[in-house]
Amino acid sequence: MKAFFVRLFSGIVLLAIIIAAGILGGDVLYALTLAISLIGYEEFLRVFGLEKKAPGVWGIVFLAFYYVGIRQWELEEFAVFFLIAYLLVLMAIYVFTFPKYKTEEIAEAFLGFVYVPVMLSFIYQTRMVPIEGENTSLVFFLIFICSWGCDTCAYAVGMLLGRHKLAPVLSPKKSIEGAVGGIVGAALIGYLYAGFFSLDQLECALLCAAGAVASQVGDLAASAIKRNHNIKDYGHLIPGHGGILDRFDSVIFTAPMIYLLTVIFLK
């Protein structure tokens, strides 16, 4: 029972921080997104034993420059350049220190950079997209509605109706019924949310449904990495939840999904 209340309290505090940062936007949300990305990337590097090795250390350096870039320039104008530049540095480390690092270590450092700081940067990017006639802080919250809303609905429906396993080897407790319930539930929450704030209800419902699909892929992907490396949690920063990657595993995928759909359909 104590563990439940610890998890509940830390979840409420985290939600309050997200809401405040989302409303304020600007420097506050930028700093929060940077902090989440930095801690999350360090957690990822630690899983692979790269946090003190050159590929990982250079990843932290490039993370800092990448976040400076998204404050100064349009994302699409420099993101690819940064990825190519980091890959070039990694390959230089690989060849000029050969055989100190294995191919897998270079690939893991690069994967982690894209998977964590780049994907999570869309939390901030979505909030800053200029949308004609819309309050971008309202669209920003769709990231968390389709992520954490899907998670809650999937759990509830899975407990009540779950019969068929979604990924029996990877996550035996998840069911197809729960997955469908999570998508439908996220879409419904998005629809009601849009109605309350006078947004386009159908568009928001569709965005949340698509985001919920991405959310479940993100959740399972994080679980797969943990199972491959025999760890229970990525960290212990958030009491009752684990590390940043344990709590934001689905957000990693929903943030770029909502950003992309916002740019296509709402901008």
Side-chain angles (χ1 to χ4, degrees), residues 7 11 36-51 53 55-56 59 63 83 86-87 90 101-123 143-144 146-159 162-183 185-186 209-238 240-258 260:
R7 181 180 175 85
I36 290 171
S37 297
L38 183 61
I39 297 169
Y41 188 43
E42 194 278 332
E43 289 176 351
F44 184 93
L45 293 174
R46 194 166 60 243
V47 170
F48 293 92
L50 294 171
E51 72 276 17
K53 295 182 179 180
L63 184 155
L83 291 177
Y86 179 43
L87 181 59
L90 286 175
Y101 298 108
K102 296 180 180 179
T103 309
E104 292 83 354
E105 292 177 301
I106 302 301
E108 288 158 359
F110 187 74
L111 169 65
F113 187 80
V114 177
Y115 177 59
V116 184
V118 172
M119 299 278 270
L120 284 175
S121 72
F122 288 96
I123 295 175
I143 293 172
F144 301 94
C146 65
S147 177
W148 296 342
C150 172
D151 185 48
T152 301
C153 292
Y155 176 79
V157 173
M159 289 291 291
R163 297 292 183 274
H164 302 87
K165 301 299 182 183
L166 178 65
V169 176
L170 177 58
S171 188
K173 293 183 179 180
K174 294 186 184 298
S175 66
I176 295 175
E177 293 84 357
V180 173
I183 296 169
V213 174
S215 167
Q216 296 187 62
V217 174
D219 185 24
L220 290 170
S223 296
I225 294 172
K226 288 191 286 187
R227 281 187 175 271
N228 275 157
H229 294 272
N230 298 311
I231 59 172
K232 183 178 183 296
D233 296 314
Y234 283 101
H236 307 284
L237 180 65
I238 308 172
H241 294 269
I244 286 294
L245 293 183
D246 295 295
R247 183 65 277 186
F248 286 83
D249 52 3
S250 55
V251 175
I252 286 173
F253 282 76
T254 59
M257 176 65 79
I258 295 299
L260 177 63

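What you are looking at is a predicted structure, and each value in this text was computed from that prediction instead of being measured. Nothing fancy with the numbering, it's 1 onward along the sequence.
Between I238 and D246 the shortest side-chain heavy-atom distance does not fall below 4.5 Å. For the pair I258 and F122, the minimum side-chain heavy-atom distance is 4.5 Å or more. Looking at V180 and V157, their side chains never come closer than 4.5 Å, going by heavy atoms from C-beta outward.
For the atom pair H241 NE2 and H236 NE2, the distance stands at 14.5 Å (nearest 0.5 Å). Atoms OG1 and CD, from T103 and E108 in turn, are 10.5 Å apart once rounded to the nearest 0.5 Å. Separating the CD1 atom in I176 from the CZ atom in R163 is a distance of 13.0 Å, to the nearest 0.5 Å. Note that OG of S223 and CG of N228 are 11.0 Å apart. Values are rounded to the nearest 0.5 Å. For the atom pair L90 CG and E105 CD, the distance stands at 11.0 Å (nearest 0.5 Å). With rounding to the nearest 0.5 Å, the separation of CE in M159 from CD in E177 is 13.5 Å.
Residues S175 and G158 come closest through the heavy atom pair OG-CA, 3.7 Å. Residues P117 and L63 come closest through the heavy atom pair CB-CD1, 3.5 Å. Between L166 and A179, the shortest heavy-atom contact is CD2-CB, 4.0 Å. Taking each heavy atom of G211 and T254 in turn, the nearest pair found is O-CG2, 3.1 Å. Minimum interatomic distance between Q216 and I183 (heavy atoms only, all atoms of both residues): NE2-CG1, 3.4 Å. Residue A167 comes nearest to L220 through the heavy atom pair CB-CD2, 4.4 Å, listed as atom of the first residue, atom of the second, then distance.
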Ignoring hydrogens and angles, write down the donor-acceptor pairs under 3.5 Å from the side chains of residues 147-156, residues two or more places apart or on other chains.
{"from": "S147", "atom 1": "OG", "to": "S250", "atom 2": "OG", "distance (Å)": "2.5"}
{"from": "W148", "atom 1": "NE1", "to": "R247", "atom 2": "O", "distance (Å)": "3.3"}
{"from": "T152", "atom 1": "OG1", "to": "W148", "atom 2": "O", "distance (Å)": "3.0"}

What donor-acceptor contacts under 3.5 angstrom involve side-chain atoms of residues 38-47, with partners at least two apart or in another chain?
{"from": "Y41", "atom 1": "OH", "to": "Y86", "atom 2": "OH", "distance (Å)": "3.2"}
{"from": "Y41", "atom 1": "OH", "to": "A109", "atom 2": "O", "distance (Å)": "3.1"}
{"from": "E42", "atom 1": "OE1", "to": "R46", "atom 2": "NH1", "distance (Å)": "2.4"}
{"from": "E42", "atom 1": "OE2", "to": "R46", "atom 2": "NH1", "distance (Å)": "3.0"}
{"from": "E43", "atom 1": "OE1", "to": "I244", "atom 2": "N", "distance (Å)": "3.2"}
{"from": "E43", "atom 1": "OE1", "to": "L245", "atom 2": "N", "distance (Å)": "3.0"}
{"from": "E43", "atom 1": "OE2", "to": "I244", "atom 2": "N", "distance (Å)": "2.9"}
{"from": "R46", "atom 1": "NH2", "to": "Y234", "atom 2": "O", "distance (Å)": "3.0"}

*Before giving the answer on side chain to side chain contact (heavy atoms under 4.5 Å, CB included), spell out for L111 and F48 the whole-Å C-alpha distance, their side-chain angles and the decisive distance to 0.1 Å.*
CA-CA 11 Å; L111 169 65; F48 293 92; 5.5 Å; no
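Within a 6.0 Å radius of NE2 in H229, other residues, nucleotides and ligands contribute more than 12 heavy atoms.
With sequence neighbours excluded, the residues satisfying salt bridge (charged side-chain N to carboxylate O under 4.0 Å, His left out) with D219 are K174.
Although no hydrogens or angles enter the test, the distance criterion places a donor-acceptor pair under 3.5 Å between the side chain of R227 and the main chain of L170.
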